[in-house]
Amino acid sequence: MKYSPAKIERKWQRYWESKQIHLAKDKGKDNFMLLTEFPYPSGNLHVGHWYAFALPDILARYLKMNGHNVMYPIGFDAFGLPAENAAIQRNINPRDWTEQNIKYMTKQLKNMGTLLDWSREVSTINPNYYKWTQWMFLKFYEKGLVYRDKTFVNWCPRDKTVLANEQVVNGCCDRCGTEVVQKEITQWMFRTTAYADQLIDDIEGLDWPETTKLAQRNWIGRSEGAIIQFLIPNSKLLIPVFTTRADTLFGATYLVLAPEHPMLTKLTSDENLDKASRYLEEVKKKTELERLHIDKSKTGVDTGGYVVNPINNEKIPVWVADYVLGHYGTGAIMAVPAHDERDKEFAEKFNLPVSNAPLEDAQKIVEKLKEKGLAEFKKNYKLHDWVLSRQRYWGVPIPMIRCEKCGYVAVPEKELPVELPYLEDFKPSDDGRSPLAKAKDWLKVKCPECGRDAERETDTMDTFVDSSWYFLRYTDPKNKKEFASKKKMAEWLPVPMYIGGAEHNTMHLLYSRFFTKALHDLGYLDFNEPFTARRNHGIILGPDGQKMSKSRGNVVDPDVEVKKYGADTIRMYLAFMGPYDQGGPWNPDGIQGVFRFLTRVWNFISEPEEPKTADKEADRIINKATKEMGDDIKNLKFNTGVSGLMKLLNALEDKWLTKKQYGTFLKLLAPFAPHIAEELWWTVLKNKKSIHLEKWPKHDEALLAEELIELVIQINGIKRDVLKVTKGLSEEEVKSIALSNESVKKYLVGKEIKKFVYVKDRLTNIVI
RNA sequence: GGGUACGUGGCGGAACUGGUAUACGCGCACGCUUCAGGAGCGUGUGGGAGCAAUCCCGUGAGAGUUCAAAUCUCUCCGUACCCACCA
């Protein structure tokens, strides 16, 4: 019979489902939650999803065969702007659109033949889920970790919503590409900065990629310096500046305020008023994009005002310039042209003085000024508090009530969830208010405190809130009393391995860490880091090496490939194409090679009769492969794992094996190509229980030690011969073998051996 | 401009702690099989010299350390990703 995946794959997927081999038991031993980032229900599975879910499944199956009680959970991160925009385009409700996508993608995901545990499925749009998202919001609110503040925010004029700093890419909305403008509104914020130090200090202990750790450190951006006060003459007003270089204070020759600085009007002299206000108008007109890209040269104007440098009492002029950022530090800097490139450029352009005053000890300077109340040590962070409000329909309603008399009042816990009403007209409105304001019945509510007529908050939450705690829910997805029971969380968490995309290095991973730390401090978690180990996977590009996109026409449809080659081939091909953290272009020829391999496997395991005695050589080969295969999978080196299987088949193909030997081969293959392994396990080897419930073969260390090794003999570092010898030869033994070797002897005639290098079980180098 | 990672055949890539460079696969060439093949099987496949055994060169370029360098150090060139006036 020919190998035709279409005939066997669905059959086994159904069988596994009926036997529930993919379900994680709660009271198992040796629990292991293998976490992958839950997908966004965009409507269609792409090859990237296979990369993200079918490859970690190799590890999941391997761990299961090694006796772990594996949970490989799945869910959907289903709120968010893209669904809303797609629904607007198609003129259907986002809920209908999203639910339909989830249904379709679930079907597609099941084609992969994974251990994904659908019984624990979590969906962020399910009121039983977002009830707890709201609950956490309220707990954080009680603890002062949620607050409202009027801030300048990034406003996308097209999506008509506020964006987090992280969602602004090069001054444009990362979703639609429109230029972002600055707008001042009052927003709900998470006080992420309260955890800035912990978030940066705890990175060290994590088993994460160095790049991810570094990205987080840079994002939090802690710098240690000082605040120094500059007095405005003839007043009692002080202007604080932040500096990491207090030692350069003697060289400060002028001071620069950000255009947003509140003291600006006070400082500006009458004669400079016109010029200054014209400058501010100009800056306002500049979009973020221009500020960053087009207009890189420094601009600014003299305010005509002065301040006093506290270290030497020199009067220095005050300027305003937009190269100073209003939102970092104090929004003002002391300019030291002698030591700072930016200040130097500005000073040269506007003819400001440069002083080469000597540097002094920063510590001493600050301490000295501190006595007079003119300085203090200060840590500063780039990290901002997290603006979580969105003026959009498709998100979790923020569970607050606005009462004329009492102000903002929390929705009582027993009234959760505040359900998102089904709206006919959910389009964003031009006034910037959330579409929920149109749901009149939903909006009206009594104030929980005074009982008067009040209104619900109409903003919804950023979807990053939903995904900041989803992994907790996997441990106890149906719990109605708590977000998850402490007991169950203790069995599974923290997550021992989290595999996902490098694009989440900062936002998602940082937010999840913030949530975990906050919940820990509130007493709900026993751990304060969510993910013990993290590994990133790469991105699969189109055959042309470009990012897959409909407009480029280079999209590979996994459904089409499955029809052509079957799921096992796709899984193995993706595993084989290169290092998992690297990704790379899809190669239509490369996949042929994997299909050929599986066809050869199919023809290989077909011997009806067993030999009387097992082939010793085959045992040795299998034993070695078993060890290497296990190491490869554990280290997520799937590419060399596949090549190991290929080598194994090459070595065994013309041998006559026992049923046990064939069985071992199939067990090694099973995590990679679960369907064909199962089929051959039953139909050819006549087993009556799933291969995926078998134990991973144990390799024999003693047999490994018997392996012959290839001893390299070098003369002056150049290879002259390679000998097969037993392991563990001593230096003396190797020396006599080497010196009596014919192909070596001829080089040694009449030469003196200066040095004899011996590397055990590897090589010897004769230096002459 | 800054940071990080990386640079190995025609291509994807392998190489443990510095110790046989190019495993495995693709492609290509030749042969076998077949009515036929864009199927299957076999052999070969970094460059150069040689009938051959064999020898020399070779991991972006150049230097250095070492008995020994794809791997470590320095300079330069190039690519990818991230950040982007953070005082």
Side-chain angles (χ1 to χ4, degrees), chain A residues 2 169-171 209-215 217-219 221-223 225 241-246 248 252 256 258 291-293 295-298 321-325 327-336 339-343 345-346 380-384 502-503 505-506 538-539 545 572-573 576-579 581-582 584-594 596-597 599-600 603 628 631 637 639-650 709-723 743 753-768:
Chain A
K2 236 179 88 185
V169 177
N170 289 335
E210 278 307 315
T211 48
T212 310
K213 290 185 176 185
L214 191 78
R217 285 195 192 101
N218 289 344
W219 196 267
R222 178 165 65 193
S223 50
V241 306
F242 175 72
T243 180
T244 53
R245 296 289 308 274
T248 66
V256 190
R291 240 175 115 163
L292 290 178
H293 288 273
D295 197 356
K296 272 282 197 180
S297 70
K298 304 261 181 299
D322 68 355
Y323 82 93
V324 175
L325 306 172
H327 56 75
Y328 183 77
T330 62
I333 61 150
M334 59 181 216
V336 189
H339 291 285
D340 187 287
E341 277 302 312
R342 295 155 299 183
D343 296 343
E345 187 194 331
F346 193 77
N380 233 320
Y381 305 89
K382 292 183 196 173
L383 183 74
H384 298 145
E503 69 273 20
N505 274 353
T506 42
I539 298 168
M572 270 194 110
Y573 168 63
F576 186 48
M577 61 186 286
D581 58 0
Q582 191 181 297
W586 177 273
N587 178 356
D589 290 327
I591 197 168
Q592 291 268 5
V594 172
R596 242 173 252 163
F597 166 74
T599 307
R600 274 169 60 203
N603 297 327
E628 289 172 354
D631 289 345
K637 292 175 74 177
N639 55 332
T640 49
V642 175
S643 99
L645 286 167
M646 289 173 167
K647 278 190 228 179
L648 186 58
L649 180 65
N650 289 345
I709 54 116
E710 292 188 324
L711 180 75
V712 174
I713 302 176
Q714 297 181 340
I715 295 173
N716 287 345
I718 297 164
K719 179 177 70 176
R720 292 302 176 186
D721 206 357
V722 181
L723 305 174
S743 42
I753 296 176
K754 289 184 186 143
K755 192 170 181 179
F756 188 86
V757 180
Y758 161 79
V759 182
K760 197 183 170 194
D761 291 345
R762 202 162 295 273
L763 63 62
T764 171
N765 188 14
I766 302 164
V767 185
I768 51 174

Using the side-chain heavy atoms of [X], tell me which of these nucleotides is nearest: [options].
{"X": "A/N639", "options": "B/U20, B/C56, B/G13", "answer": "B/G13"}
{"X": "A/S643", "options": "B/C85, B/C24, B/U20", "answer": "B/C24"}
{"X": "A/Q582", "options": "B/A23, B/G25, B/G13", "answer": "B/G13"}
{"X": "A/Q714", "options": "B/A23, B/G25, B/U20", "answer": "B/U20"}
{"X": "A/T640", "options": "B/A14, B/C67, B/C24", "answer": "B/A14"}
{"X": "A/K719", "options": "B/C67, B/G25, B/U20", "answer": "B/U20"}
{"X": "A/W219", "options": "B/G19, B/C83, B/U20", "answer": "B/C83"}
{"X": "A/N765", "options": "B/U4, B/C24, B/C67", "answer": "B/C67"}
{"X": "A/L325", "options": "B/A87, B/G40, B/U20", "answer": "B/A87"}
{"X": "A/I718", "options": "B/U4, B/C56, B/C24", "answer": "B/C56"}

Could you state the atom-to-atom distance from [atom1] of [X] to [atom2] of [N] in whole Å?
{"X": "A/Q592", "N": "B/G38", "atom1": "CD", "atom2": "C1'", "result": "9 Å"}
{"X": "A/F242", "N": "B/C85", "atom1": "CZ", "atom2": "P", "result": "16 Å"}
{"X": "A/F576", "N": "B/G12", "atom1": "CZ", "atom2": "P", "result": "13 Å"}
{"X": "A/R596", "N": "B/G27", "atom1": "CZ", "atom2": "C1'", "result": "10 Å"}
{"X": "A/K382", "N": "B/A87", "atom1": "NZ", "atom2": "C1'", "result": "11 Å"}
{"X": "A/I539", "N": "B/C81", "atom1": "CD1", "atom2": "P", "result": "9 Å"}
{"X": "A/H327", "N": "B/A87", "atom1": "NE2", "atom2": "P", "result": "12 Å"}
{"X": "A/M577", "N": "B/C24", "atom1": "CE", "atom2": "C1'", "result": "15 Å"}

Rounding to an integer number of angstrom, what distance separates [N] and [M] when you compare their [atom1] atoms?
{"N": "B/U8", "M": "B/G1", "atom1": "P", "result": "25 Å"}
{"N": "B/G48", "M": "B/G9", "atom1": "C1'", "result": "15 Å"}
{"N": "B/U33", "M": "B/U17", "atom1": "C1'", "result": "50 Å"}

Hey, what do you get for [atom1] ([X]) to [atom2] ([Y]), rounding to the nearest 0.5 Å?
{"X": "A/L383", "Y": "A/N218", "atom1": "CG", "atom2": "CG", "answer": "12.5 Å"}
{"X": "A/L711", "Y": "A/R762", "atom1": "CG", "atom2": "CZ", "answer": "11.0 Å"}
{"X": "A/M646", "Y": "A/F576", "atom1": "CE", "atom2": "CZ", "answer": "4.0 Å"}
{"X": "A/Y758", "Y": "A/L763", "atom1": "OH", "atom2": "CG", "answer": "11.0 Å"}

What is the nucleic acid contact for [X], judged by heavy atoms within less than 4.0 Å: base, sugar-phosphate only, or nothing?
{"X": "A/N505", "value": "nothing"}
{"X": "A/V767", "value": "sugar-phosphate"}
{"X": "A/R600", "value": "sugar-phosphate"}
{"X": "A/S223", "value": "sugar-phosphate"}
{"X": "A/P579", "value": "sugar-phosphate"}
{"X": "A/L763", "value": "base"}
{"X": "A/K637", "value": "sugar-phosphate"}
{"X": "A/R222", "value": "nothing"}

Provide the Watson-Crick or G-U wobble partner of [N], both distances under 3.5 Å; none if there is no partner.
{"N": "B/A49", "value": "B/U54"}
{"N": "B/G40", "value": "B/C32"}
{"N": "B/C16", "value": "none"}

Checklist entry - Are there more than 12 heavy atoms of other residues, nucleotides or ligands under 6.0 Å from atom CD1 of A/I539? => result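 Counting other residues, nucleotides and ligands, CD1 of A/I539 stays at 12 neighbours or fewer.
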Determine: side-chain N/O of [X] to OP1/OP2 of [N], distance under 4.0 Å, yes or no.
{"X": "A/Y323", "N": "B/A87", "value": "no"}
{"X": "A/N650", "N": "B/G25", "value": "yes"}
{"X": "A/R720", "N": "B/U20", "value": "no"}

Next on the checklist: Any non-hydrogen side-chain atom of A/D340 less than 4.5 Å from a side-chain atom of A/I333?
Outcome noted: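 The answer is no; the side chains never approach within 4.5 Å.
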Next on the checklist: Measuring only between side-chain heavy atoms, which start at C-beta, is A/V256 closer than 4.5 Å to A/Y323?
Outcome noted: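 They are in contact (side-chain heavy atoms under 4.5 Å apart), so the answer is yes.
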Checklist entry - For the side chain of A/N380 and the backbone of A/S223, is there at least one donor-acceptor N/O pair under 3.5 Å apart? => result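 No: the side chain of A/N380 does not pair with the backbone of A/S223.
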Checklist entry - Hey, which of these two, A/V757 or A/K647, hits RNA chain B nearer its 5' end, going by closest nucleotide? => result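 Taking each residue's closest nucleotide, the earlier one in sequence belongs to A/K647.
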